[in-house]
Amino acid sequence: MNASQCTVQSALLLTQLLERLEASRQPFDAGQYRLVVERLSSLLAQPGIDWQPLLARSAAAAALYENLHYAEAGLCRRDLDAAMRAEMAARDAIEAARRQPFDHAAPGAPTDRGPP
């Protein structure tokens with residue numbers, strides 16, 4: 001096994017550990033979490049290794065990788081289609097709400113019409 005294969009295997013194990021920590025319902029030591037993130041970060045920062053298979057399998061590793069390379073690539077691993085659809089749906093919902101007549105009285109609030 002060559003050095004890059006060892007690096008990928010180590011990153012895979014650290015990724016699995018990170019995912020277990022993040023999914024844990026039991027409290028864990030913040031120092032332990034920090035150590036796992038630091039070690040995985042140092043591996044993901046190594047050039048010349050194709051991290052795409054690992055990043056496709058792990059949202060935690062993908063988020064960490066994206067944060068490490070944000071200066072060069074921005075939010076390159078985010079699903080832009082889904083984000084754009086969500087933004088367009090929000091815009092449509094806001095427009096639909098603007099077209100609806102606005103009732104200034106809260107439901108069940110007394111009105112100024114006087115006695116019935």
Side-chain angles (χ1 to χ4, degrees):
M1 190 181 294
N2 66 30
S4 67
Q5 288 174 325
C6 288
T7 300
V8 171
Q9 290 294 342
S10 296
L12 178 60
L13 292 173
L14 287 167
T15 296
Q16 291 169 344
L17 180 56
L18 178 61
E19 288 174 345
R20 281 191 211 134
L21 287 171
E22 288 186 348
S24 175
R25 293 181 179 205
Q26 301 297 320
F28 54 84
D29 182 55
Q32 179 186 16
Y33 182 86
R34 189 176 315 115
L35 182 62
V36 170
V37 168
E38 287 172 357
R39 289 194 176 167
L40 181 55
S41 295
S42 70
L43 293 175
L44 293 175
Q46 292 185 20
I49 297 175
D50 180 15
W51 293 113
Q52 298 313 312
L54 175 69
L55 303 179
R57 290 177 55 190
S58 168
L64 186 57
Y65 181 86
E66 187 173 83
N67 288 332
L68 290 170
H69 299 282
Y70 184 79
E72 297 87 29
L75 299 174
C76 61
R77 299 206 51 85
R78 297 286 185 245
D79 183 1
L80 295 179
D81 289 335
M84 187 175 1
R85 285 192 302 272
E87 184 176 338
M88 291 170 69
R91 188 176 300 155
D92 291 344
I94 291 168
E95 275 305 310
R98 285 183 179 152
R99 289 190 297 268
Q100 297 293 320
F102 183 70
D103 183 8
H104 292 284
T111 61
D112 293 336
R113 296 184 190 155

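Here, residue 1 is the first one in the sequence, and each next residue gets the next number. All heavy atoms count here, side chains included; hydrogens, waters and symmetry mates do not. The model shown is predicted, which means the values in this text are computed figures rather than measured ones.
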Report yes if the side chains of V8 and W51 come closer than 4.5 Å at any heavy-atom pair, otherwise no. yes
Please determine whether residues L13 and L55 belong to a single hydrophobic cluster, defined as Ile, Leu, Val, Met, Phe, Trp and Tyr linked transitively by side-chain heavy-atom distances below 4.5 Å. no
Tell me, which pairs form a side-chain hydrogen bond (donor to acceptor under 3.5 Å, both in side chains) where one or both residues lie in residues 12-32, sequence neighbours left out? E19-S58, E22-Y33
Could you tabulate the donor-acceptor pairs under 3.5 Å formed by side-chain atoms of residues 38-46, not counting sequence neighbours?
{"from": "S41", "atom 1": "OG", "to": "V37", "atom 2": "O", "distance (Å)": "2.7"}
{"from": "S42", "atom 1": "OG", "to": "R39", "atom 2": "O", "distance (Å)": "2.8"}

Check L54, L17, T7 against L12 for a side-chain contact (heavy atoms from CB on, under 4.5 Å) and give me the one that passes. L54
Closest heavy-atom pair and its distance - L21, V36: CD1-CG2, 4.1 Å
Nearest 0.5 Å please: distance from the CG atom of L35 over to the CG atom of L14. 8.5 Å
Which pairs pass side-chain hydrogen bond (donor to acceptor under 3.5 Å, both in side chains) with one or both residues in residues 92-101, sequence neighbours excluded? E95-R98
